[in-house]
S.K.: 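The structure follows.
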Amino acid sequence: FGRGCIALGVFNAVLAYVCIARCGGADYSFTADRRIRLEDLANPSYPCIVVGFNSVVRYFDLVEWLIPLDEEYLIAAATKNLRNANLTEAVFGEADDPWREHLRQLLAAIHAEAALSPIGRFISQQQLIKSLEQRAKVNYYDRRLMITARETLARPLIVTGLPRTGTTLLHNLLTLTGHPDVQYLTYADTLQPAAEAGDAAARTEVEQAVAFMGWMRPLFSKMHEMGASLPHEELHLQALSFYSMLYESQYHVPSYGAYYENGTKPWRALHRLRSYEYVRDLLKVRQWRTREDADRKDRTFVLKSPMHLECADALLHMLPTQGFTLVRMHREPLNVVLSLATMLAYIQALQSDRPQPAAVLEYWVGRLERMLRRAVADDDRLRARENVDVVDIAYEELIRDPSGTAARVLEAHGLSVDAAMRRRLKEYEETHPRNATGGGRFAYDLGVFGSALTEEEIAARFDFYRERFLS
């Protein structure tokens, strides 16, 4: 009996080590000033249990059988899950809704370009099945209760800018400081917009997903804080239409990025408008789910996403009468490129068999340039609209005075900022020093990508933007 207990204890210790330990290349080192420097984006370290899973699935050639990733399987799996949850009518979209075409384009790009590992394929499979389930649930409730026809949205306050420009800090200041006329989406809301307010099972599922992501990608939380109850952007809502910038961030899929981005052909421009209509409908569903008082006026949604920077037509289409306040964050583009490319190369490498940090960097240099060119082209037209207010904020201004900048934004939108509100803003700034000091936790180095691009070449591509917004 004693030897059996010892053997069981040793087995459990080994299992715990395998689950916790990481295998592969060295992830990072520390610079002299204690900033984190990623060492090898092409050879990340993985949890050893993931290495084992990938190896076994490949050795026995089980990828296609064990982890199917095709349209028919995903729809069948989502339908089965919905029936098990007593939702017998699985309608994923109306006849004229282009969601199926978007899904096919995404799957084709994943298979052709993403080079997913078995664990990456499993994560993607489960994510897409969950997205289909949420589509069906939203349609189920809307068909019966006419939510999107009855709900109205107050004029929203929209924060946008390139990723890594301080949009998250500003968004948190605007939403987590208790303004009575503000509402916002949490990460759980964006993943499960049909869930009831206070649904403990749904919240637990999202918390488990966040924990798994932290286990797989331990440095990601140092780059971007995530939590089921924290404010989040609308990229995941748009992803439920399978037409979203989220997917080109999650995978290296240039063909899908071109499909999503190319608005020159009429039907693709229409698809973008339809995806924004769907975001508007999901906001109405979430507002209906979380309304505390049936007689209370609708509160202002504070929204945030980089996709809005290049989608002026879609925003105007989504909110034609009430308009919106658009807050645009600005930062030196070279810093943005290095920060964003490092984060995305790190994320993509941990679910790919062939990490491509140089290709990720070069793709996003071009992608961000095109986003900013569209923002510059749309600037005068947005400012000319009577129902649109535009507020431009430099990253350095936000870092220098976070609470004061947030107060100015609220007032620009017509929301009152009294002494108590200013105290709450200041308290948030003082109690969240990591978010309010402008980062500095990572040392970004162009050399780790293995690209032939130089900093001078990258910087020169954004001269037009500096002249417009940073001069």
Side-chain angles (χ1 to χ4, degrees), residues 21-28 37-70 74 103-128 163 212-213 215-220 223 244-261 337-368 444-453 458:
R22 302 183 71 80
C23 304
D27 261 341
Y28 62 92
R37 182 185 187 275
L38 290 171
E39 295 289 348
D40 192 351
L41 290 169
N43 185 30
S45 73
Y46 305 84
C48 289
I49 196 170
V50 170
V51 175
F53 175 79
N54 287 341
S55 299
V56 169
V57 171
R58 288 195 203 95
Y59 181 81
F60 291 103
D61 196 21
L62 298 174
V63 173
E64 295 292 339
W65 178 80
L66 187 64
I67 320 170
L69 192 60
D70 60 84
L74 296 174
L103 179 60
R104 288 171 182 163
Q105 291 283 345
L106 174 61
L107 290 173
I110 288 175
H111 289 303
E113 298 164 333
L116 292 181
S117 63
I119 191 67
R121 188 180 174 102
F122 173 75
I123 293 169
S124 301
Q125 178 202 70
Q126 295 304 304
Q127 176 188 8
L128 294 172
F212 177 78
M213 183 165 55
W215 174 69
M216 276 285 291
R217 307 160 177 165
L219 293 180
F220 181 68
M223 300 175 180
S244 172
M245 188 180 176
L246 175 71
Y247 296 117
E248 58 177 327
S249 303
Q250 188 171 343
Y251 314 105
H252 184 61
V253 282
S255 64
Y256 176 82
Y259 172 76
Y260 168 74
E261 182 185 352
V337 167
L338 293 177
S339 177
L340 178 66
T342 299
M343 182 175 75
L344 297 185
Y346 173 73
I347 291 171
Q348 294 174 19
L350 289 171
Q351 59 188 19
S352 175
D353 277 335
R354 297 192 306 274
Q356 306 172 67
V360 172
L361 171 71
E362 291 158 11
Y363 175 83
W364 282 96
V365 169
R367 184 71 175 89
L368 298 181
Y444 298 109
D445 182 356
L446 185 60
V448 301
F449 292 95
S451 171
L453 285 176
I458 296 173

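Side-chain atoms are counted along with the backbone in the values below, which use heavy atoms only and exclude waters and symmetry mates. Throughout, residue positions are numbered sequentially from 1 according to the sequence presented.
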S.K.: Can you find a heavy atom in the side chain of Leu128 that is under 4.5 Å from one in the side chain of Leu107?
M.R.: yes
S.K.: Any chance CZ of Phe122 has more than 12 other-residue heavy atoms, nucleotides or ligands included, within less than 6.0 Å?
M.R.: no
S.K.: Verify, without hydrogens or angle tests, whether Tyr247 (side chain) and Leu106 (backbone) share a donor-acceptor contact under 3.5 angstrom.
M.R.: no
S.K.: Working note: Ser124 + Tyr251, criterion side chain to side chain donor-acceptor pair (under 3.5 Å); need CA distance, chi angles, decisive distance, verdict.
M.R.: CA-CA 10 Å; Ser124 301; Tyr251 314 105; 2.7 Å; yes
S.K.: How close do Tyr444 and Leu338 get, counting heavy atoms only, and between which atoms?
M.R.: CD2-O, 3.7 Å
S.K.: How close do Ser249 and Leu344 get, heavy atom to heavy atom, and via which atoms?
M.R.: O-CD2, 3.7 Å
S.K.: Is there a side-chain contact between Leu41 and Phe449 in this structure, where contact means two heavy atoms from C-beta onward sitting under 4.5 Å apart?
M.R.: yes
S.K.: Does Glu113 reach the main-chain N or O of Ala108 with its side chain, forming a donor-acceptor pair under 3.5 Å?
M.R.: no
S.K.: Apply side-chain contact (heavy atoms from CB on, under 4.5 Å) to Phe53 and Val50, showing your working.
M.R.: CA-CA 5 Å; Phe53 175 79; Val50 170; 5.5 Å; no
S.K.: Roughly how far, to the nearest 0.5 Å, is the OG1 atom of Thr342 from the CG atom of Leu446?
M.R.: 9.0 Å
S.K.: Are any side-chain N or O atoms of Arg121 and backbone N or O atoms of Ile67, one a donor and one an acceptor, separated by less than 3.5 Å?
M.R.: yes
S.K.: Could you state the interatomic distance from CE (Met213) to CG (Leu350), rounded to the nearest 0.5 Å?
M.R.: 12.0 Å
S.K.: Mind listing the closest non-hydrogen atom pair of Pro47 and Trp215 along with its distance?
M.R.: CB-CZ2, 3.4 Å
S.K.: Could you tell me the separation between the CG atom of Leu116 and the CZ atom of Arg354, rounded to the nearest 0.5 Å?
M.R.: 10.0 Å
S.K.: Is Arg58 atom CZ crowded by more than 12 heavy atoms from other residues, nucleotides or ligands, each under 6.0 Å away?
M.R.: yes
S.K.: Considering only heavy atoms from C-beta outward, does the side chain of Ile123 approach that of Phe212 to under 4.5 Å?
M.R.: yes
S.K.: Would you please classify the geometry between the Tyr256 ring and the Tyr260 ring as parallel, tilted or perpendicular, with 30° and 60° separating the classes?
M.R.: parallel
S.K.: Is there a donor-acceptor pair closer than 3.5 Å between any side-chain N or O of His111 and the backbone N or O of Asp70?
M.R.: no
S.K.: Check for a donor-acceptor pair, side chain of Ser352 on one end and backbone N or O of Ala115 on the other, with a separation under 3.5 Å.
M.R.: yes
S.K.: Could you verify whether a donor N or O on one side chain and an acceptor N or O on the other, from Glu248 and Tyr363, lie under 3.5 Å apart?
M.R.: yes
S.K.: Quick check for you: to the nearest 0.5 Å, what is the distance between Met223 atom CE and Leu340 atom CG?
M.R.: 10.5 Å
S.K.: Contact between Leu38 and Asp445 at the side-chain level, heavy atoms closer than 4.5 Å - yes or no?
M.R.: no
